[in-house]
Every structure is written in structure tokens, then in C-alpha cells.
Protein chains: 2
Amino acid sequence: MPDTTAAFIQHDHSACQSKALAYVTEQCAAKGLRLTEARRRVLEILLESHTALGAYDVLQRLNTEGYSAQPPIAYRALDFLVEHGFAHKVERISAFVACHFPGQCHAPAFLICRSCRTVAESRSARQVNPLQADAQAMKFSIEDTNVEAEGLCQSCQSEQGA
Amino acid sequence: MPDTTAAFIQHDHSACQSKALAYVTEQCAAKGLRLTEARRRVLEILLESHTALGAYDVLQRLNTEGYSAQPPIAYRALDFLVEHGFAHKVERISAFVACHFPGQCHAPAFLICRSCRTVAESRSARQVNPLQADAQAMKFSIEDTNVEAEGLCQSCQSEQGA
DNA sequence: AATCGATATGTTATCTTATAACAATATCGA
DNA sequence: TCGATATTGTTATAAGATAACATATCGATT
């Protein structure tokens with residue numbers, strides 16, 4: 001599965017984390033964006049796994065770490081990360097994942113397991129926007145795209161699915 | 001724009017409506033599905049335009065027609081329509097539109113105007129699922145797909161957009 | 001170093017979207 | 001007509017998201 005993140009297979013996840021965190025840190029420095037405490041913590045929380053987290057999941061994590069926070073704290077940090085392509089919102093499940101192809105993401109595409117909520121980002125699917133042709137024909141200007149497929153990952157199929 | 005619904009151009013909308021309603025009626029009869037009063041009314045409301053409606057918009061319409069209803073009434077009818085492919089949920093805006101290619105829809109694709117909320121369903125984009133290859137490679141079984149692009153339609157661009 | 005504008009955070013309250021739970025009713029085949 | 005199944009009615013509440021405004025921080029400029 002060369003064109004997809006390792007979400008559904010065993011891999012060295014600490015490499016995923018450190019690579020993404022380093023990239024974001026570097027990008028923020030380069031572009032004059034402020035990777036504040038709250039934003040960095042939220043990114044780190046998202047990077048802990050390939051599971052999509054709801055805004056309130058993130059919030060709860062912040063709170064259990066002694067960072068007493070209300071919903072806007074989480075949403076603002078998530079909005080920042082999404083706005084700059086460091087994270088994505090998975091619309092179908094109203095949840096967020098860290099971006100695993102930072103810097104290359106224009107139209108992310110996801111495989112979402114409805115059982116374990118693991119989300120794999122597809123590199124190949126992201127290359128082509130299937131709506132582009134129609135959009136041009138009707139002079140519709142696309143600003144943002146989401147391509148999402150929900151189903152069962154191999155491991156959850158084995159367990160008969162949920 | 002041959003491969004897209006007429007959502008963003010002038011057209012005989014009453015033909016859209018009657019065609020879709022006739023098709024759904026026929027399909028329900030053929031498959032033994034019950035197109036009850038509530039379900040038919042909700043479909044008719046969605047068919048009135050190519051604008052996506054939230055569940056609570058639909059609910060309000062039902063109520064102004066003297067059909068006193070609570071949220072589950074609207075959600076159940078919408079769920080029925082979506083489940084059988086007679087309507088779609090537009091995830092990005094948590095709203096619903098009637099299907100304009102009934103019977104051919106496996107992976108609908110939408111162009112969503114963020115200003116007027118008009119939604120055009122693309123036929124061509126629907127043919128190919130860009131995630132299929134990756135899904136097969138990692139033995140992920142896709143059950144449902146959504147492809148959505150948000151932006152500005154031509155007419156809202158002219159008005160400088162919102 | 002003090003000031004100022006811009007950006008980010010803290011906090012309260014509220015809004016929107018969606019569903020759980022259970023009782024009551026309608027439908028359809030045996 | 002009975003009984004199983006599907007649908008509706010109703011109340012309550014869960015889950016997701018944002019408006020509004022006060023406070024604090026950052027970073028450039030004097």
C-alpha cells in the first residue's frame with residue numbers, strides 16, 4: 001500500500017509524530033505563524049495516533065493534563081491547524097486528524113473505519129480532484145475539497161465489524 | 001456543463017421535481033418501501049430547489065404547514081431518503097439535498113456554494129471513486145463515499161461572494 | 001524601556017445538530 | 001383477527017460549534 005499512510009498497518013509511529021511535529025515547527029517559523037502552547041499541545045494530541053478525535057475529545061485531553069480549557073480553546077487551536085494544512089477535519093464524523101502529507105495537501109482523501117475510527121490519508125487519491133472538470137465547465141471556483149470513504153478496515157472486518 | 005445537474009443554471013425546475021418524485025414513487029412501489037406522508041412531504045420540500053436544507057429547516061417547513069413535528073420526525077424521514085439513495089447528506093454543511101441521479105448514485109459528488117448553499121451534483125465525478133485503489137490495496141471495505149467541493153458559484157462570484 | 005496595534009487566550013452563555021428512549025399507532029401477511 | 005414488524009409521536013438530552021466580550025501576550029516602533 002505505497003500510496004497511503006501507514007494508519008492501518010504496523011509502523012514506527014514515533015517517526016510519524018516527530019516528523020510531522022518538526023515539519024510544522026519549521027513551517028511556522030518560516031511563515032511567521034505562532035505555534036503557541038495550546039496549538040502545539042493539540043497537534044501533539046492529534047499526532048498520538050491515527051484515530052480521529054472530536055473537538056471535545058481533544059478538550060478532555062487538555063483538561064486531564066491540567067490545562068483547564070473551555071470549548072473555544074480546542075476549536076481555535078484546531079481551526080488554526082486546519083487552516084494551515086497541519087490537520088484536517090473529517091466531515092463525516094466531525095473529527096480531526098493530523099495531516100500526514102504536510103505541504104502537499106490540497107484535497108485530502110480519507111479512508112475512515114467506522115468501527116475503530118482510524119483514518120488513513122490517501123496520497124494517490126489526493127492528486128486528482130474529480131470535480132475539477134465540472135467546476136471549470138460551470139465557472140465554479142473551488143476553495144476546499146473533501147473526499148471521504150467510510151467502511152471497515154481489515155482488522156475490524158476480522159472482528160466481524162461493529 | 002453536460003455532466004452536472006442544472007443547479008447553477010436556469011432550467012425547467014418543475015421537470016426536476018416531477019421526474020424525481022415519480023422515480024421515487026415507482027421505486028418504493030417496486031421495492032416494497034413505504035413512502036409515507038412524512039417521507040413524501042420531506043422529499044417534496046427538498047425537491048423545491050437545489051439548495052441544501054438543514055434538518056431543522058425541513059422541520060420548520062413541516063411545522064409551518066400545520067404538520068406539528070419534533071426533530072426525530074424530520075431526521076427519520078431524511079434517514080429513510082438517504083438510506084435508499086433518494087437524497088444525500090452534504091457532510092460539509094450538515095444539510096440535505098434530493099438526489100438528482102436516482103438509481104445511479106453510488107458515490108455522489110457535490111459542488112457546494114458557500115454563499116447561496118446551492119448544491120450541484122456531478123455525474124462524471126461520481127463514476128470513479130478515487131479511493132478505490134487504495135482501499136483494495138489495504139483490504140479496506142468501502143461502504144459509503146462522499147466527495148464534496150466548497151466554493152463560490154459563478155453568480156455569487158459576480159456579487160463578490162459572501 | 002514604554003507604547004501601541006494586532007493577535008491570541010480566557011470565560012460565559014448560547015446555538016445548532018442529532019439521537020436515546022419509550023409509548024402509541026399503523027401496516028401487512030398468515 | 002391476530003400478531004409481528006415498521007412507523008410515528010413525544011420528551012428529554014447528548015454532542016458539536018460559535019458569539020461575544022474581557023483580558024493578556026507578542027512584537028514592532030518610538
Side-chain angles (χ1 to χ4, degrees), chain A residues 24 28-43 45-46 51-63 65-84 86-97 112 114 117 146 148 150 162, chain B residues 28-43 45-46 52-63 65-84 86-97 112 114 117 146 148 150 162:
Chain A
V24 171
C28 286
K31 296 185 181 168
L33 303 173
R34 288 163 58 188
L35 188 59
T36 61
E37 173 72 7
R39 291 166 178 177
R40 194 174 44 71
R41 279 302 304 126
V42 169
L43 177 61
I45 288 167
L46 291 182
T51 300
L53 295 179
Y56 281 76
D57 296 327
V58 170
L59 186 59
Q60 193 169 14
R61 283 292 313 276
L62 290 174
N63 281 326
E65 290 172 12
Y67 190 131
S68 172
Q70 297 299 315
I73 302 293
Y75 279 103
R76 285 165 184 161
L78 290 166
D79 287 349
F80 170 85
L81 296 172
V82 169
E83 182 182 349
H84 295 96
F86 305 142
H88 302 294
K89 182 171 185 190
V90 186
E91 302 287 348
R92 280 185 86 88
I93 57 175
S94 295
F96 300 83
V97 285
I112 307 153
R114 67 173 158 80
R117 275 171 79 101
N146 61 296
E148 306 176 349
E150 193 165 4
Chain B
C28 286
K31 296 184 182 169
L33 303 173
R34 287 163 60 188
L35 187 59
T36 61
E37 172 72 9
R39 292 168 177 176
R40 193 173 47 71
R41 279 304 302 125
V42 169
L43 177 61
I45 288 167
L46 291 182
L53 297 178
Y56 281 76
D57 297 328
V58 169
L59 187 59
Q60 194 169 14
R61 283 291 315 278
L62 289 175
N63 281 325
E65 291 171 10
Y67 189 131
S68 172
Q70 297 299 314
I73 300 295
Y75 279 102
R76 287 165 183 162
L78 290 166
D79 288 347
F80 170 86
L81 296 171
V82 168
E83 182 184 349
H84 295 96
F86 304 142
H88 301 295
K89 181 171 185 189
V90 186
E91 301 287 347
R92 280 185 86 90
I93 56 175
S94 296
F96 299 84
V97 285
I112 307 154
R114 68 170 157 80
R117 278 171 75 102
N146 59 296
E148 306 176 350
E150 192 164 3

Name the atoms and distances for all side-chain donor-acceptor pairs under 3.5 Å in residues 68-78 of chain B, with sequence neighbours left out.
none

(message) Please report the distance, rounded to the nearest Å, between CG in B/Leu53 and C1' in C/dT17.
(response) 15 Å
(request) May I ask you to verify if any side-chain N or O of A/Ser94 is less than 4.0 angstrom from the OP1 or OP2 atom of C/dT17? (result) no
(request) Please tell me if the side chains of A/Arg41 and A/Arg61 come closer than 4.5 Å, counting only heavy atoms from C-beta onward. (result) yes
(request) May I ask you to verify if any side-chain N or O of B/Thr36 is less than 4.0 angstrom from the OP1 or OP2 atom of C/dA26? (result) no
(message) Considering every strand and a 4.0 Å limit on heavy-atom distances, what is the contact class for B/Tyr56: base, sugar-phosphate, or nothing?
(response) base
(message) Quick one, B/Ile45 with B/Leu62, criterion side chain to side chain contact (heavy atoms under 4.5 Å, CB included). Give me CA distance, side-chain angles, the key distance, then yes/no.
(response) CA-CA 9 Å; B/Ile45 288 167; B/Leu62 289 175; 3.9 Å; yes
(request) Specify the separation, in whole Å, of atom CZ of B/Phe96 and atom C1' of C/dT16. (result) 13 Å
(message) In this structure, how many angstroms lie between the C1' atom of C/dA8 and the CG atom of A/Leu35, rounded?
(response) 13 Å
(message) Consider salt bridge (Lys or Arg N to Asp or Glu O under 4.0 Å). Of B/Arg92, B/Arg114, B/Arg117, which one does B/Glu150 pass it with?
(response) B/Arg92
(message) What is the distance, to the nearest angstrom, from the CG atom on A/Asp79 to the P atom on D/dA19?
(response) 10 Å
(request) Note the angle between the end axes of the helix from C/dA1-D/dT30 to C/dA30-D/dT1, five pairs defining each, rounded to 10 degrees. (result) 30°
(message) Output the rounded distance in Å from CD (A/Gln60) to C1' (D/dA14).
(response) 14 Å
(message) What is the distance, to the nearest angstrom, from the NZ atom on A/Lys31 to the P atom on C/dT7?
(response) 17 Å
(request) Strictly below 4.0 Å, heavy-atom distances to any atom of DNA chain D: list the hits from residues 68-78 of chain A, or just say none. (result) A/Pro71, A/Pro72, A/Tyr75, A/Arg76
(request) Just jot down the salt bridge (charged side-chain N to carboxylate O under 4.0 Å, His left out) partners of A/Glu148, sequence neighbours excluded, or say none. (result) none
(message) In the structure I gave you, are the side-chain heavy atoms of A/Cys28 and A/Phe80 within less than 4.5 Å of one another anywhere?
(response) yes
(message) If I take atom CG from residue A/Leu59 and atom OH from residue A/Tyr67, how far apart are they, to the nearest 0.5 angstrom?
(response) 10.5 Å
(message) I'd like to check B/Leu33 versus B/Arg39 (side-chain heavy atoms, cut-off strictly below 4.5 Å). Are they in contact?
(response) no
(request) Apply side-chain contact (heavy atoms from CB on, under 4.5 Å) to B/Ala52 and list each qualifying residue two or more places apart in sequence or on a separate chain. (result) B/Ile93, B/Ala95, B/Val97, B/Val119
(message) Test of understanding: with salt bridge (charged side-chain N to carboxylate O under 4.0 Å, His left out), list the residues that count as partners of A/Arg40, not counting sequence neighbours.
(response) A/Glu37, A/Glu44
(request) In whole angstrom, give the distance that lies between atom CZ of B/Arg41 and atom C1' of D/dG9. (result) 19 Å
(message) If you only use heavy atoms from C-beta on, which nucleotide in C/dA18, D/dA17, D/dC26 is closest to the side chain of A/Arg34?
(response) D/dC26
(message) Rounded to whole Å, please give me the gap between CG in B/Asn63 and P in D/dT8.
(response) 15 Å
(message) I want to confirm an ordering. Mapping B/Leu33 and A/Asp57 to their closest nucleotides on DNA chain D, which one lands closer to the 5' end?
(response) B/Leu33
(message) Below the 4.0 Å mark, does C/dT9 have OP1 or OP2 next to a side-chain nitrogen or oxygen of A/Tyr67?
(response) no
(message) I want to check one thing: is the phosphate of C/dA18, taken as OP1 and OP2, less than 4.0 Å away from some side-chain N or O of B/Lys89?
(response) yes
